[in-house]
Amino acid sequence: MSAENPTIVGPAGGQSTQKNGKGGDGSIGTFSVKSGLAQMLKGGVIMDVVNAEQARIAEEAGACAVMALERVPADIRQEGGVSRMSDPVLIKEIIDAVTIPVMAKARIGHFVESQILQECGVDYIDESEVLTPADEQHHINKHQFKVPFVCGCKNLGEALRRISEGAAMIRTKGEAGTGNVVEAVRHERQLMADIRKAASMEEEELYAFAKDLQAPYHLLKETARLKRLPVVNFAAGGLATPADAAMMMQLGCDGVFVGSGIFKSGDPLKRAKAIVQATTHYQNPKILAQVSEGLGEAMVGLNVDKNLKGGQFAQRGW
Amino acid sequence: MTAGKSIGVLSLQGAFIEHIHRLKQLTDATVLQVKTPEDLEKCHALIIPGGESTTISLVAQRSGLLEPLRAFCNNPNKAVWGTCAGMILLSKEATKTMRGGQELFGGMDITVNRNQYGSQIESFQADLQFNCLSTDESFNAIFIRAPILHSYDQDKGIIELASLIDNPIDDKLAPKGNVVALRQFNKMCTSFHPELTQDKRLHEYFLKEIVFKL
């Protein structure tokens, strides 16, 4: 069911700067290089970690990248308060501990946290609604960075607004820290439905649809032509089991983020390995059944309703 | 191009769809995703795509594919091409791997340094000059957290296909660091990603010069 062949191009629609020879400034941090790393992550699992020890467990389990953050979303919900970027010391320890790419979260709109993370040498920045937003009107202008960004979305309009600001990878938001996959499913289905709708439209209708979605027309047109987002799209927010990961893959995403679901469970290494296997073999029920056996206790799940402690993170971002 | 051969793309993790689409544009031969030992048995040739080499290696191990892949890559009658992570997995030795080491498939007598170019912000694009492709135009190559060639065995029939103008790192750390594409009989590797650009010439080369001559 996964849509085919993203021939991924920059938001301007063209291949980025080229220069002779190796790595002159014009050829570093091009959009092809930024979105290219996301293409290398496809079919993989990106795991939330708060320290070097967890990062090593994630790597051993087969994570294709780790996400460094101060507290996992489940703890952010429980403890409340303002959530910020991690301490650079922790991020550097994580970078030194593993060979796989290291991502880190910055607050929505907090371009200085992003400057610091770029300086620390992270491979990707997640401008994330899981942290407390620093700006309630503006997202970061991501074109100004050499490091690529991933951003959350609930629907196609939000995804294309983020790509227009320079995001080189998109993830659906889901509802982080709940262990409840229902919102991730809602957002992925909404995104896919919007894309299918756009793909069937005539050009005149696309202009009107762009207005409804509050999305740039040229990106919507490119999405309609490709029949998929013009960048890689992962699912996130509430995945806790191998079955959750495989379901999101079957719904059409390119890979998955798992946050609290691993290190808030009874046997993190075993569960993490199982989720990695399930993401590769998402169309193979026999393997899915094998890896789902005897994983011990899953994280405690929360219902997503008005009583949800910490509120709905997915509503953050504009 | 002629059919009759089955070409697999290792599809455990990474950018495998891009290779599959490129191959389907170029040939009527069967192109298949390889996720299990049964899939691999059907193949005459294999592309190992870019992705995370530790992930691909660990998932291969847990899917019962590690030994079949080693046998395939070390079989002189099979064609194999590794791009980026695939180049690491095709090497006989890789440095800077995860703690506790990393299982490789082998198949080429090369030694590589993992992620030697540095992190994502050091990833880059560069124009390369090949002499073996269908036209003489330069090939714009995308390097993403790329492995770097350290050295290769001189007497094993390895030929250099393309190099960067300079060695991007110290000659002592990697005397052959500027070589970014190599061939050893029916095996070939590139430290960059031809599947991410529109240029089809390297895929054509692999098919015409290796796969269809098996």
Side-chain angles (χ1 to χ4, degrees), chain A residues 2 4-8 15-24 26-30 32-37 39-45 56 59-65 95 97-102 118 121-124 145-148 254-255 273 276-277 279-281 283-284 287 291, chain B residues 11-18 20-22 24-25 35-36 49-63 84-85 96-100 102 114-115 117-128 138 140 142-145 164-168 178 180 193 195-198:
Chain A
S2 181
E4 302 282 300
N5 200 22
T7 298
I8 290 177
Q15 290 289 333
S16 330
T17 351
Q18 299 179 359
K19 248 193 172 181
N20 284 329
K22 68 164 176 101
S27 62
I28 291 184
T30 59
S32 297
V33 164
K34 288 175 171 179
S35 62
L37 176 58
Q39 284 174 277
M40 296 310 130
L41 300 173
K42 288 192 302 179
V45 183
R56 275 195 288 268
E59 182 177 49
E60 195 190 332
C64 66
I95 291 173
V98 295
T99 63
I100 55 179
V102 175
Q118 176 168 276
V122 302
D123 296 296
Y124 241 92
F145 290 80
K146 281 184 190 167
V147 65
D254 297 315
K273 282 182 180 175
V276 169
Q277 286 300 106
T279 304
T280 293
H281 300 287
Q283 288 163 313
N284 188 328
I287 295 179
V291 302
Chain B
S11 303
L12 300 177
Q13 190 270 326
F16 49 86
I17 294 285
E18 288 81 349
I20 289 171
H21 281 275
R22 181 60 46 82
K24 285 185 174 170
Q25 287 170 350
K35 289 180 191 264
T36 63
E52 274 311 308
S53 64
T54 44
T55 303
I56 296 173
S57 169
L58 288 166
V59 175
Q61 240 172 304
R62 292 168 196 155
S63 306
C84 193
K96 298 208 168 189
T97 55
M98 69 179 252
R99 270 200 188 185
Q102 175 182 357
R114 256 200 80 173
N115 302 346
Y117 289 109
S119 73
Q120 174 62 19
I121 45 175
E122 275 95 41
S123 294
F124 62 96
Q125 290 180 258
D127 285 334
L128 302 175
S138 60
N140 188 253
I142 301 182
F143 292 81
I144 296 170
R145 287 170 46 94
L164 291 168
I165 294 158
D166 315 305
N167 189 346
N178 60 325
V180 294
H193 294 282
E195 74 281 12
L196 295 189
T197 50
Q198 295 303 315

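Proteins come first, then strands; the chains are lettered A, B, ... in the order of their sequence lines, and each starts at number 1. None of the values given here were measured: they were computed from a predicted structure.
- For B:Gln13 (side chain) and A:Met40 (main-chain N/O), a donor-acceptor pair under 3.5 Å exists by modelled atom type.
- With hydrogens and angles disregarded, no donor-acceptor distance shorter than 3.5 Å links the side chain of B:Asn178 to the backbone of B:Ile165.
- Not a single donor-acceptor pair under 3.5 Å links the side chain of B:Glu52 to the backbone N or O of A:Ala65.
- Most heavy-atom pairs under 4.5 Å with chain B: of the set A:Ala97, A:Gly121, A:Gly255, A:Gly62, this distinction falls to A:Gly62.
- For a residue to count as touching a neighbouring chain, one of its non-hydrogen atoms must lie under 4.5 Å from one of that chain's; by this rule A:Glu59 touches chain B with backbone and side chain alike.
- When heavy atoms are compared at a cutoff of 4.5 Å, A:Val147 approaches chain B by way of both its backbone and its side chain.
- Side-chain atoms of A:Asp254 do not come within 3.5 Å of backbone N or O of A:Lys42 as any donor-acceptor pair.
- In this view, A:Ala61 and A:Met47, A:Leu269, A:Ala272, A:Lys273 satisfy the side-chain contact (heavy atoms from CB on, under 4.5 Å) rule, not counting sequence neighbours.
- Of the residues considered (A:Thr279, A:Thr280, A:Ile287), A:Thr280 shows the highest number of contacts with chain B, using heavy-atom pairs under 4.5 Å.
- Residue contact with chain A, scored on non-hydrogen atoms closer than 4.5 Å, involves the backbone and the side chain of B:Ser63 alike.
- Heavy-atom distances place no part of B:Gln102 under 4.5 Å from chain A, backbone and side chain included.
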